[in-house]
Amino acid sequence: MGQHQHLNKTAESASSEKKKTRRCNGFKMFLAALSFSYIARALGGIIMKMSITQIERRFDISSSLAGLIDGSFEIGNLLVIVFVSYFGSKLHRPKLIGIGCLIMGTGSILTALPHFFMGYYRYSKETHINPSENSTSSLSTCLINQTLSFNRTSPEIVEKDCVKESGSHMWMYVFMGNMLRGIGETPIGPLGISYIDDFAKEGHSSLYVGSLNAIGMIGPVIGFILGSLFAKMYVDIGYVDLSTIRITPKDSRWVGAWWLGFLVSGLFSITSSIPFFFLPQNPNKPQKERRVSLSLHVLKTNDERSQTANLTDRGKKVTKNVTGFFQSLKSLLTNPLYVMFVLLTLLQISSFIGSFTYIFKYMEQQYGQSASQANFLLGVITIPTIATGMFLGGYIIKKFKLSLVGIAKFSLLTSIISFLFQLIYFPLICESKSVAGLTLTYDGNNSVASHIDVPLSYCNSECNCDESQWEPVCGNNGITYLSPCLAGCKSLSGIKKSTVFYNCSCVEVTGLQNRNYSAHLGECPRDDACTRKFYIYVAIQVINSLFSATGGTVCILLIVKIVQPELKALAMGFHSVVIRTLGGILAPIYFGALIDKTCMKWSTTSCGARGACRIYNSVFFGRVYLGLSTALRFSALVLYIVFIFVMKKKFQGKDTKASDNERKVMDEANLEFLNNGEHFVPSAGADSKTCNLDMQDNAAAN
């Protein structure tokens, strides 16, 4: 008898161990799959940020329109955030995450599709220089357009080509693709972390979330490497003979293989979705759910009898909930601390998003760096710096056991130090390039008050030049000319990139003694003084990023302490909606619109409309870009000081030490911030002390 009982216990124990192992394996599989999805979403986000300037040139659109395309990710996110927050935990979460990854991948591939339908990229819409190989042409006049092949096509053909050329509305596919990516990304964070919180062992969820976000850092690393590599490749690589391309990656018309990045990230996202469709909904039901399930089973008969009454009660509860929602919202909006905090984080995040969206353009236009160099340098600088700053900030807060007011003061201190370092960026603005016809007269002897309608000089007035043409050449006097014709050049030799123009009359009158009045294709490089400023800019960027990141993302912890406990979820959800709408969507648009105001030369599309900007006034660009970001950050700092003053009065005499659980929430927010693919790197003028949007969604979903 005893032996029989012993065998039964052994069998039950083996069965229990088997079930435990199966459940444990299911949870580990979920963690592995979720790690890949985190890498995928961060990769897609960083690829979009690095490609925005390339997209602007490829589709011949303005910076403000490119900013709208960038903000479409947040639009897509907002469309489904309510559905995910409310219904997500009630449905099959792994499958929903899998569907999200699938949609995210589809959106990335849709973003790349226009490349295959637009025809070849024409970096010079008006003319093409086609000198015969190793030939030298001498002309009696400077009518260089005799050696240029003008596209004199019929209006019908031009109108037909408009549909396939850069100036068409095919950028709408990029807009919709990025919006789809935003829709697909929404369930990954909220449902993934809520799933971990439900089925992880007690006290292990923080470790899992930290590990998850640390693994997710691989995404930005891969993104920066791929972005730098693809930016070196010509957009039509594999379709055209690259030896016939006469522009280089440092040319303002250069477009890299932007579409390759979206194809890679899209395929990676789709691949990462596959495991989720084979995972169980509940690998290990929590104890409380088992008790609820048992109670429901016992009371099943009674529930069936009172079904009609319950339906009536539910209707009353819905009405009560709606009324309660508006009362709760009113309570939030009449809370001065909460309103101030929403406003100051909105200003911080707007500065961050707007700056990061255009930092690659800034480095190209201000310091003459190619897109590939800018991508690589930014990745090498910011990833280790931010990671170091985040963990350093967390260590300081734990080491000194700072109170909530102390944490806010610490964050303010690091913000002020970072802000002071940002002011150093202003002296590092380079002078505008010497461009005849934009910043100088065509003879190169005098500066001009305005770049609009600069009159021709006697050195090129007889040349019958097309003033709208953009085929820049660099004279051996260090001045850039809009075209060989406007430089007064009368002969040329060489082929493609090595083409050299000679006997350039506008170069001649600048007083060169060697009488070698030549020019070569491309803009003149930045001088040594500007190059030195760039190295200082990089060093300041490292220090600025470190102090910005050290402050950490304390907003989750602050929000839950400045509102009533029952309003925590609503407070974080409302904060997320405000930040995404006014920060994520609008900031890239108004940053881009102001940057457009600094453009000196616009391209012309095949349809005759204004296209992308070819060259900016470097001084105005720097002042606008840095000035707007600085103004937003300064306003946030003023509000932050007022916020701490009011907060200190409210919590005076109270125990505001952060509990271990609250520090765990803050640590998870910091780690999540590191992996936020859309708003990842603190750029020049950006403040990394921003609330992570996904963490707020997570709290709302729970």
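Model, not experiment: these values are computed from the prediction. Positions are given from 1, in the same order as the sequence printed here.
For the 3.5 Å distance criterion, the side chains of Asn178 and Ser72 qualify, holding a donor opposite an acceptor. Between the side chains of Gln348 and Arg633, no donor-acceptor pair is found at a separation under 3.5 Å. At a cut-off of 3.5 Å, with distance as the only test, no side-chain donor of Thr385 or Ser545 sits close to an acceptor on the other residue.
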Using the rule given for ring pair (Phe, Tyr, Trp, His ring centres under 6.0 Å), can you reason through Trp258 versus Phe59, listing the C-alpha separation, both sets of side-chain angles and the distance that settles it, and then say yes or no? CA-CA 12 Å; Trp258 61 274; Phe59 292 89; 5.7 Å; yes
Passes ring pair (Phe, Tyr, Trp, His ring centres under 6.0 Å), Phe116 versus Trp259? Steps please. CA-CA 9 Å; Phe116 300 98; Trp259 51 277; 5.4 Å; yes
Kindly indicate, with the supporting measurements, whether the criterion disulfide bond (SG atoms under 2.5 Å apart) is fulfilled by Cys485 and Cys463. CA-CA 7 Å; Cys485 181; Cys463 293; 5.0 Å; no
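Close placement of the Tyr367 and Tyr537 rings is indicated, their centers lying within 6.0 Å of each other. A ring-centre distance under 6.0 Å is not found for Trp254 and Tyr121.
Distance CG/Leu628 to OG/Ser350: 9.0 Å, rounded to 0.5 Å.
Crowding of Lys601 atom NZ: a count of heavy atoms from other residues, nucleotides or ligands under 6.0 Å exceeding 12.
Using bins of under 30°, 30° to 60° and over 60° for the plane-to-plane angle, the ring pair Phe547/Phe421 lands in the parallel bin.
Without hydrogens or angle criteria, Gln366 side chain to Ser618 main chain gives a donor-acceptor distance under 3.5 Å.
With a 4.5 Å cut-off on side-chain heavy atoms, Val235 and Arg58 count as touching. Two residues are said to be in side-chain contact when any heavy atoms from C-beta on lie closer than 4.5 Å; Cys489 and Tyr502 fail this criterion.
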